[in-house]
Amino acid sequence: MFPSSSSGVSPSSAVDFLSLCRNLKTTKRTGWVRRDVRGPESVADHMYRMGIMALIVPDIPGINRDRCVKMAIVHDIAEAIVGDITPFDGVSKSEKSRREKEALDHMCKLLGGESRAKEIAELWTEYEENSSLEAKIVKDFDKVEMILQALEYEKEQGIDLDEFFQSTVGKFQTDVGRAWATEITSRRKKSD
Ligand SMILES: Nc1nc2c(ncn2[C@H]2C[C@H](O)[C@@H](COP(=O)(O)O)O2)c(=O)[nH]1
Ligand SMILES: [Mn+2]
(Lines give C-alpha, C1' and ligand atoms only; values in the text may rest on other atoms or scores of the structure.)
(Ligands and ions follow the chains in the order given, each with its own letter.)
Protein backbone atom coordinates (compact mmCIF):
# COMPACT_ATOMS: atom_id res chain seq x y z
CA MET A 1 0.00 0.00 0.00
CA PHE A 2 1.16 3.58 -0.65
CA PRO A 3 2.04 5.59 2.50
CA SER A 4 -0.51 8.29 3.30
CA SER A 5 0.22 11.65 1.68
CA SER A 6 3.05 13.52 3.35
CA SER A 7 2.61 16.71 1.29
CA GLY A 8 -0.10 18.02 3.64
CA VAL A 9 -2.55 18.24 0.71
CA SER A 10 -5.80 16.60 1.76
CA PRO A 11 -7.98 14.81 -0.83
CA SER A 12 -10.55 17.58 -0.42
CA SER A 13 -8.00 20.36 -1.06
CA ALA A 14 -6.54 18.41 -3.97
CA VAL A 15 -9.90 18.02 -5.68
CA ASP A 16 -10.82 21.68 -5.03
CA PHE A 17 -7.52 22.78 -6.60
CA LEU A 18 -7.77 20.38 -9.52
CA SER A 19 -11.36 21.47 -10.21
CA LEU A 20 -10.15 25.07 -10.49
CA CYS A 21 -7.35 23.94 -12.81
CA ARG A 22 -10.03 22.67 -15.21
CA ASN A 23 -10.41 26.29 -16.32
CA LEU A 24 -6.96 25.96 -17.87
CA LYS A 25 -8.35 23.24 -20.14
CA THR A 26 -11.40 25.30 -21.16
CA THR A 27 -9.93 28.82 -21.39
CA LYS A 28 -9.01 29.46 -25.02
CA ARG A 29 -5.87 31.52 -25.58
CA THR A 30 -7.10 35.07 -26.15
CA GLY A 31 -4.52 35.95 -28.77
CA TRP A 32 -6.05 33.39 -31.15
CA VAL A 33 -9.63 34.21 -30.19
CA ARG A 34 -9.01 37.88 -31.03
CA ARG A 35 -7.82 36.84 -34.48
CA ASP A 36 -10.81 34.56 -35.09
CA VAL A 37 -8.66 31.44 -35.25
CA ARG A 38 -10.90 28.39 -35.63
CA GLY A 39 -10.68 25.87 -32.77
CA PRO A 40 -8.13 27.85 -30.74
CA GLU A 41 -5.93 26.01 -28.24
CA SER A 42 -6.43 26.33 -24.49
CA VAL A 43 -4.01 27.64 -21.88
CA ALA A 44 -3.38 24.03 -20.81
CA ASP A 45 -2.55 23.01 -24.40
CA HIS A 46 0.04 25.78 -24.52
CA MET A 47 1.63 24.87 -21.20
CA TYR A 48 1.68 21.16 -22.10
CA ARG A 49 3.79 21.64 -25.20
CA MET A 50 6.11 23.91 -23.23
CA GLY A 51 6.56 21.06 -20.75
CA ILE A 52 7.48 18.77 -23.64
CA MET A 53 9.99 21.37 -24.84
CA ALA A 54 11.69 21.19 -21.44
CA LEU A 55 11.73 17.40 -21.67
CA ILE A 56 13.51 17.38 -25.04
CA VAL A 57 15.79 20.42 -24.74
CA PRO A 58 19.49 19.46 -24.99
CA ASP A 59 21.38 19.47 -21.67
CA ILE A 60 22.62 22.95 -20.78
CA PRO A 61 25.34 23.23 -18.10
CA GLY A 62 23.87 24.53 -14.85
CA ILE A 63 20.27 24.14 -15.97
CA ASN A 64 17.87 21.95 -13.96
CA ARG A 65 15.66 20.56 -16.73
CA ASP A 66 13.17 19.00 -14.31
CA ARG A 67 12.68 22.46 -12.80
CA CYS A 68 12.00 23.81 -16.31
CA VAL A 69 9.29 21.19 -16.82
CA LYS A 70 7.64 22.15 -13.53
CA MET A 71 7.94 25.87 -14.33
CA ALA A 72 6.43 25.37 -17.78
CA ILE A 73 3.33 23.65 -16.46
CA VAL A 74 2.66 26.25 -13.75
CA HIS A 75 3.73 29.52 -15.44
CA ASP A 76 0.17 30.43 -16.60
CA ILE A 77 -1.70 28.63 -13.80
CA ALA A 78 -3.16 31.89 -12.44
CA GLU A 79 -5.05 32.22 -15.72
CA ALA A 80 -7.47 29.65 -14.26
CA ILE A 81 -8.87 32.65 -12.37
CA VAL A 82 -7.83 35.83 -14.23
CA GLY A 83 -8.09 34.45 -17.78
CA ASP A 84 -5.57 34.89 -20.59
CA ILE A 85 -4.64 38.56 -20.92
CA THR A 86 -2.85 39.66 -24.09
CA PRO A 87 -0.56 42.69 -24.42
CA PHE A 88 -3.40 44.32 -26.40
CA ASP A 89 -6.20 44.07 -23.85
CA GLY A 90 -5.46 47.43 -22.26
CA VAL A 91 -4.25 45.87 -19.00
CA SER A 92 -0.89 47.17 -17.81
CA LYS A 93 1.90 44.66 -17.06
CA SER A 94 1.80 45.68 -13.39
CA GLU A 95 -1.97 45.24 -13.14
CA LYS A 96 -1.78 41.87 -14.94
CA SER A 97 0.95 40.80 -12.53
CA ARG A 98 -1.09 42.00 -9.53
CA ARG A 99 -4.20 40.10 -10.63
CA GLU A 100 -2.21 36.95 -11.30
CA LYS A 101 -0.34 37.09 -7.98
CA GLU A 102 -3.66 37.53 -6.13
CA ALA A 103 -5.08 34.56 -8.04
CA LEU A 104 -2.01 32.45 -7.36
CA ASP A 105 -2.23 33.22 -3.64
CA HIS A 106 -5.86 32.11 -3.66
CA MET A 107 -5.02 28.89 -5.52
CA CYS A 108 -2.19 28.09 -3.12
CA LYS A 109 -4.45 28.68 -0.10
CA LEU A 110 -7.00 26.34 -1.69
CA LEU A 111 -4.27 23.72 -2.04
CA GLY A 112 -3.50 24.02 1.66
CA GLY A 113 -0.48 21.74 1.75
CA GLU A 114 2.51 23.78 2.84
CA SER A 115 5.19 22.23 0.65
CA ARG A 116 3.25 21.77 -2.58
CA ALA A 117 1.70 25.24 -2.51
CA LYS A 118 5.08 26.76 -1.64
CA GLU A 119 6.74 24.99 -4.57
CA ILE A 120 4.11 26.21 -7.04
CA ALA A 121 4.36 29.77 -5.72
CA GLU A 122 8.18 29.70 -5.92
CA LEU A 123 8.17 28.34 -9.48
CA TRP A 124 5.59 30.91 -10.61
CA THR A 125 7.43 33.81 -8.97
CA GLU A 126 10.79 32.75 -10.42
CA TYR A 127 9.22 32.72 -13.91
CA GLU A 128 7.40 35.99 -13.34
CA GLU A 129 10.60 37.69 -12.14
CA ASN A 130 12.72 36.00 -14.82
CA SER A 131 15.16 35.43 -11.98
CA SER A 132 16.98 32.25 -13.03
CA LEU A 133 18.44 30.61 -16.12
CA GLU A 134 15.57 28.12 -15.94
CA ALA A 135 13.09 31.02 -16.06
CA LYS A 136 14.87 32.53 -19.06
CA ILE A 137 14.68 29.26 -20.95
CA VAL A 138 11.02 28.73 -20.08
CA LYS A 139 10.17 32.29 -21.12
CA ASP A 140 11.80 31.49 -24.46
CA PHE A 141 9.72 28.30 -24.65
CA ASP A 142 6.63 30.51 -24.10
CA LYS A 143 7.49 32.51 -27.22
CA VAL A 144 8.66 29.49 -29.26
CA GLU A 145 5.44 27.64 -28.47
CA MET A 146 3.38 30.66 -29.51
CA ILE A 147 5.12 31.20 -32.86
CA LEU A 148 5.07 27.48 -33.66
CA GLN A 149 1.33 27.47 -32.96
CA ALA A 150 0.95 30.62 -35.08
CA LEU A 151 2.76 28.93 -37.98
CA GLU A 152 0.51 25.89 -37.67
CA TYR A 153 -2.64 28.04 -37.69
CA GLU A 154 -1.34 30.05 -40.67
CA LYS A 155 -0.77 26.86 -42.67
CA GLU A 156 -3.98 25.09 -41.59
CA GLN A 157 -6.32 28.08 -41.86
CA GLY A 158 -4.69 30.25 -44.52
CA ILE A 159 -4.50 33.27 -42.23
CA ASP A 160 -1.76 35.80 -41.48
CA LEU A 161 -0.52 35.91 -37.91
CA ASP A 162 2.64 37.90 -38.54
CA GLU A 163 2.05 40.07 -35.46
CA PHE A 164 2.82 37.09 -33.22
CA PHE A 165 6.19 36.58 -34.88
CA GLN A 166 6.96 40.31 -34.81
CA SER A 167 6.14 40.53 -31.09
CA THR A 168 8.97 38.07 -30.33
CA VAL A 169 11.72 39.62 -32.49
CA GLY A 170 14.77 40.41 -30.39
CA LYS A 171 13.10 39.08 -27.23
CA PHE A 172 14.77 35.67 -26.93
CA GLN A 173 17.19 35.32 -24.01
CA THR A 174 18.85 31.96 -24.69
CA ASP A 175 20.71 30.26 -27.53
CA VAL A 176 18.25 27.37 -27.62
CA GLY A 177 15.29 29.76 -27.79
CA ARG A 178 16.88 31.64 -30.66
CA ALA A 179 17.80 28.39 -32.44
CA TRP A 180 14.30 26.97 -32.21
CA ALA A 181 12.70 30.27 -33.22
CA THR A 182 15.04 30.51 -36.23
CA GLU A 183 14.03 27.00 -37.32
CA ILE A 184 10.36 27.95 -37.10
CA THR A 185 10.71 31.25 -38.94
CA SER A 186 12.86 29.69 -41.70
CA ARG A 187 10.18 27.03 -42.24
CA ARG A 188 7.61 29.84 -42.42
CA LYS A 189 9.66 31.62 -45.09
CA LYS A 190 10.06 28.40 -47.12
CA SER A 191 6.29 27.79 -47.05
CA ASP A 192 5.58 31.31 -48.40
N1 LIG B 1 -3.01 39.32 -30.67
C2 LIG B 1 -1.81 39.08 -30.14
N3 LIG B 1 -1.78 38.33 -29.03
C4 LIG B 1 -0.55 38.08 -28.52
C5 LIG B 1 0.65 38.57 -29.06
N6 LIG B 1 1.68 38.13 -28.28
C7 LIG B 1 1.12 37.39 -27.31
N8 LIG B 1 -0.21 37.34 -27.48
C9 LIG B 1 -1.18 36.60 -26.68
C10 LIG B 1 -0.90 35.12 -26.61
C11 LIG B 1 -1.66 34.76 -25.40
O12 LIG B 1 -3.04 34.62 -25.71
C13 LIG B 1 -1.46 35.96 -24.49
C14 LIG B 1 -0.36 35.88 -23.45
O15 LIG B 1 0.26 34.68 -23.44
P16 LIG B 1 1.13 34.20 -22.16
O17 LIG B 1 1.57 32.82 -22.49
O18 LIG B 1 2.25 35.19 -22.07
O19 LIG B 1 0.20 34.29 -20.98
O20 LIG B 1 -1.12 37.06 -25.35
C21 LIG B 1 0.55 39.36 -30.23
O22 LIG B 1 1.56 39.83 -30.78
N23 LIG B 1 -0.69 39.59 -30.73
MN1 LIG C 1 2.41 31.32 -21.49
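With sequence neighbours excluded, the residues satisfying side chain to side chain contact (heavy atoms under 4.5 Å, CB included) with S42 are A44, D45. In this view, D16 satisfies the side chain to side chain donor-acceptor pair (under 3.5 Å) rule with no residue, not counting sequence neighbours. Every residue two or more places apart in sequence or in another chain that forms a side chain to side chain contact (heavy atoms under 4.5 Å, CB included) with A54 is listed here: C68, V69, F141. Residues satisfying the side chain to side chain donor-acceptor pair (under 3.5 Å) criterion with K28, sequence neighbours excluded, are absent altogether. The side chain to side chain contact (heavy atoms under 4.5 Å, CB included) test applied to D160 returns E154, D162, R188, not counting sequence neighbours. Residues forming a ring pair (Phe, Tyr, Trp, His ring centres under 6.0 Å) with H46 (at least two apart in sequence, or on another chain): H75. Not counting sequence neighbours, the partners of Y153 by the ring pair (Phe, Tyr, Trp, His ring centres under 6.0 Å) test are W32. Remark: T174 pairs with D140 by the side chain to side chain donor-acceptor pair (under 3.5 Å) rule, at least two apart or across chains. A search for side chain to side chain contact (heavy atoms under 4.5 Å, CB included) contacts involving E102 returns R98, not counting sequence neighbours.
The minimum heavy-atom distance between T86 and G31, with the atom names listed, is CG2-N, 3.6 Å. For the pair I60 and V57, the tightest heavy-atom approach, listed with the atom from each and the gap, is CD1-CG2, 4.3 Å. A78 approaches W124 most closely through the heavy-atom pair CB-NE1, 4.3 Å. Looking at every heavy atom in both residues, I85 comes nearest to K96 through O-CE, 3.5 Å. Here the closest non-hydrogen pair linking K136 and N130 is NZ-O, 2.9 Å. The two residues P40 and V33 have their closest heavy-atom pair at CG-CG2, 4.0 Å.
Expressed to the nearest 0.5 Å, how far NZ of K143 lies from CD1 of I184 amounts to 13.0 Å. One finds the OG atom of S191 at 6.0 Å from the CG atom of L151 (value rounded to the nearest 0.5 Å). Interatomic distance, CG of L111 versus CD1 of I120, reported as 5.0 Å (0.5 Å rounding). Atom CD of residue E122 and atom CE of residue M71 lie 10.0 Å apart, to the nearest 0.5 angstrom. In this structure, S94 OG and K101 NZ are separated by 15.0 Å, a value rounded to the nearest 0.5 Å. Separation of atoms OG1 (T27) and CD (E41) is listed at 12.0 Å; rounding is to 0.5 Å.
Among residue pairs with one or both ends in residues 66-81, those qualifying as salt bridge (charged side-chain N to carboxylate O under 4.0 Å, His left out) are R67-E126, K70-E119; sequence neighbours excluded. Within the structure, side chain to side chain donor-acceptor pair (under 3.5 Å) pairs that include any residue of residues 175-184 comprise D175-R178, E183-R187 (at least two apart or interchain).
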Exercise. Yes or no on side chain to side chain contact (heavy atoms under 4.5 Å, CB included) for I73 and M50, after CA distance, side-chain angles and deciding distance?
Worked result: CA-CA 7 Å; I73 63 174; M50 285 175 60; over 6 Å; no

Problem set entry | Derivation and outcome, side chain to side chain contact (heavy atoms under 4.5 Å, CB included), residues E128 and E100 | CA-CA 10 Å; E128 189 70 8; E100 292 181 348; 4.1 Å; yes

Exercise. Should T30 and F88 be marked as a side chain to side chain contact (heavy atoms under 4.5 Å, CB included) after you check the CA-CA gap, both sets of side-chain angles, and the distance that decides it?
Worked result: CA-CA 10 Å; T30 310; F88 306 90; over 6 Å; no

For this session: Report the C-alpha distance between I159 and R35 in whole Å, list the side-chain angles of each, state the deciding distance to 0.1 Å, and finish with yes or no for side chain to side chain contact (heavy atoms under 4.5 Å, CB included).
Result: CA-CA 9 Å; I159 52 178; R35 295 299 310 278; 5.8 Å; no

Exercise. Going through the checks in order, is the salt bridge (Lys or Arg N to Asp or Glu O under 4.0 Å) test met by D105 and K109?
Worked result: CA-CA 6 Å; D105 289 347; K109 281 195 186 74; 5.4 Å; no

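Between F172 and V144 there is a side-chain heavy-atom pair separated by less than 4.5 Å. For the pair L104 and M107, the minimum side-chain heavy-atom distance is 4.5 Å or more.
A donor-acceptor pair is defined here as one N or O able to donate and one able to accept, closer than 3.5 Å; such a pair exists between the side chain of T125 and the backbone of A121. Put simply, the side chain of Q157 gets close to the backbone of R38: a donor and an acceptor are under 3.5 Å apart. The main-chain N or O of K171 is never found under 3.5 Å from a side-chain atom of T168 such that the two would form a donor-acceptor pair.
Both L148 and I56 are part of a single hydrophobic cluster, where members link through side-chain heavy atoms under 4.5 Å apart.
Remark: F165 CZ is packed, more than 12 non-hydrogen atoms of other residues, nucleotides or ligands lying under 6.0 Å away.
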Name each donor-acceptor pair under 3.5 Å that joins a side chain in residues 17-25 to protein atoms two or more places apart or in another chain, with its distance.
residue, atom, partner, partner atom, Å
S19, OG, V15, O, 2.7
N23, ND2, A80, O, 2.8

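Looking only at atom types and distance, the side chain of S10 has no donor-acceptor partner in the side chain of S12 under 3.5 Å away.
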